[in-house]
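First up is the structure itself, then whatever we jot down about it.
Computed over heavy atoms, backbone and side chain alike; hydrogens, waters and symmetry mates excluded.
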Amino acid sequence: MGPRALLLLAAAASCSLLAAAPAAATLPPPETAFSVAPPEQTVADVCKGTAFPALCTATAGAQSRRYKTVEALTVLEMQVDAFAKRTEAARAHVAEAAQTASPAARAKLDLCNSLYLDVLDNLGACRRAIGFKDAVTIRATMGMAAQDMQNCDEQFRQIGEKNPMERFDEDLVEMSENCRSLSNMI
């Protein structure tokens, strides 16, 4: 390499150092570049925005340890899991209630059990929609689940008997409302 090429190379190197110096001076030191992190949310914080915050917190709170972060989507997952468990408990109660029910009520309980199976199918579709952050599908599946609970209640109104599933249905409708509220947050 000749003296002229070396001189050009040295000039280019010093120009690049000068150009980089002001840019480097404006960047924060590496240890502070990302020191401002968003505050951690708790299940209760997220649940405040739902239709039934106490129910949301009670049914999702115990599961929060399984998640690295708590935000609307993870609380929604927790709610869907709790919803499925409560639906399974309702199905177990159907079998129990049928043992002492009148023949007409027993037939309605069989229909309610079928409706609870539909709810579980809807929850499966909801879980898939959560994976895609598809809030529209989540709201639709929750609407269908709530309708199933209301249909169970209606069966007993038609025969004029008290629905032994009433408390389960109320909880499940409220849980579906919470899931809809959470879907609006994602």
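- In terms of heavy-atom proximity, Glu177 sits nearest to Ala51 at CB-CB, 4.1 Å.
- Scored by the side-chain hydrogen bond (donor to acceptor under 3.5 Å, both in side chains) test, Asp153 finds Asn163 as partners (sequence neighbours excluded).
- Taking CG from Asp169 and OG1 from Thr87, the interatomic distance works out to 9.5 Å, rounded to the nearest 0.5 Å.
- You'll find the side chain of Asp118 stays beyond 4.5 Å of the side chain of Met144, heavy atoms only.
- Between Glu161 and Ala105, the shortest heavy-atom distance links the atoms OE1-CB, 3.4 Å.
- Considering only heavy atoms from C-beta on, Asn178 stays 4.5 Å or farther from Glu174 through its side chain.
- Shown here for Arg167 and Arg86, the closest heavy-atom pair between the two residues is O-NH2, 4.2 Å.
- For the pair Met142/Ser183, no side-chain contact is recorded, criterion being any heavy-atom separation below 4.5 Å from C-beta on.
- In this structure, Thr141 and Ala125 approach most closely via the heavy-atom pair CG2-CB, 3.9 Å.
- Interatomic distance, CD of Glu77 versus SG of Cys179, reported as 11.0 Å (0.5 Å rounding).
- Going from atom NZ of Lys108 over to atom CZ of Arg106 covers 14.0 Å, rounded to the nearest 0.5 Å.
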Q. Between Asn184 and Ser181, is a side-chain hydrogen bond (donor to acceptor under 3.5 Å, both in side chains) present by the stated rule, with each step listed?
A. CA-CA 5 Å; Asn184 289 329; Ser181 298; 5.6 Å; no

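- A heavy-atom distance below 4.5 Å is not found between the side chains of Val46 and Val43.
- Annotation: side chain of Val119 is not in contact with side chain of Leu172 (no heavy-atom distance under 4.5 Å).
- Side-chain contact between Met165 and Tyr116 is present, with heavy atoms from C-beta onward closer than 4.5 Å.
- The side chain to side chain contact (heavy atoms under 4.5 Å, CB included) with Arg127 is formed by just one residue from the set Asn122, Val80, Ile138, Leu76; it is Val80.
- Transitive grouping of hydrophobic side chains (ILVMFWY, heavy atoms separated by less than 4.5 Å) brings Phe168 and Met175 into a common cluster.
- Distance check: Glu71 CD to Leu182 CG gives 10.0 Å after rounding to the nearest 0.5 Å.
- Between the side chain of Asp81 and the main chain of Met78, no donor-acceptor pair closer than 3.5 Å is present.
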Q: For side-chain contact (heavy atoms from CB on, under 4.5 Å), just list the numbers for Gln155 and Ile159, CA-CA rounded to whole Å, side-chain angles, deciding distance to a tenth of an Å, and then say yes or no.
A: CA-CA 7 Å; Gln155 298 302 311; Ile159 62 171; over 6 Å; no

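- Side-chain contact between Leu117 and Asp121 is absent, with no heavy-atom pair separated by less than 4.5 Å.
- Hydrophobic clustering (side-chain heavy atoms under 4.5 Å, transitive across Ile, Leu, Val, Met, Phe, Trp, Tyr) groups Ile130 together with Leu120.
- Contact detail for Thr57 and Ala44: the closest heavy-atom pair is OG1-CA, 3.7 Å.
- Checking side-chain atoms of Arg128 against main-chain N and O of Gly124 turns up a donor-acceptor pair under 3.5 Å.
- Put simply, the side chain of Thr50 does not reach to within 4.5 Å of the side chain of Gln79, judged on heavy atoms.
- The hydrophobic clustering, which links ILVMFWY residues whose side-chain heavy atoms are closer than 4.5 Å, places Val94 and Phe156 together.
- The minimum heavy-atom distance between Phe83 and Ala145, with the atom names listed, is CZ-CB, 4.0 Å.
- When the SG-SG distance for Cys152 and Cys112 is compared with the 2.5 Å cut-off, it comes out below that value.
- No donor-acceptor pair closer than 3.5 Å links the side chain of Arg139 to the backbone N or O of Arg180.
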**Q.** Steps toward salt bridge (charged side-chain N to carboxylate O under 4.0 Å, His left out) verdict (Lys85, Glu88)
**A.** CA-CA 5 Å; Lys85 287 177 185 171; Glu88 289 293 349; over 6 Å; no

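- Atoms OG1 and CZ, from Thr59 and Phe52 in turn, are 12.0 Å apart once rounded to the nearest 0.5 Å.
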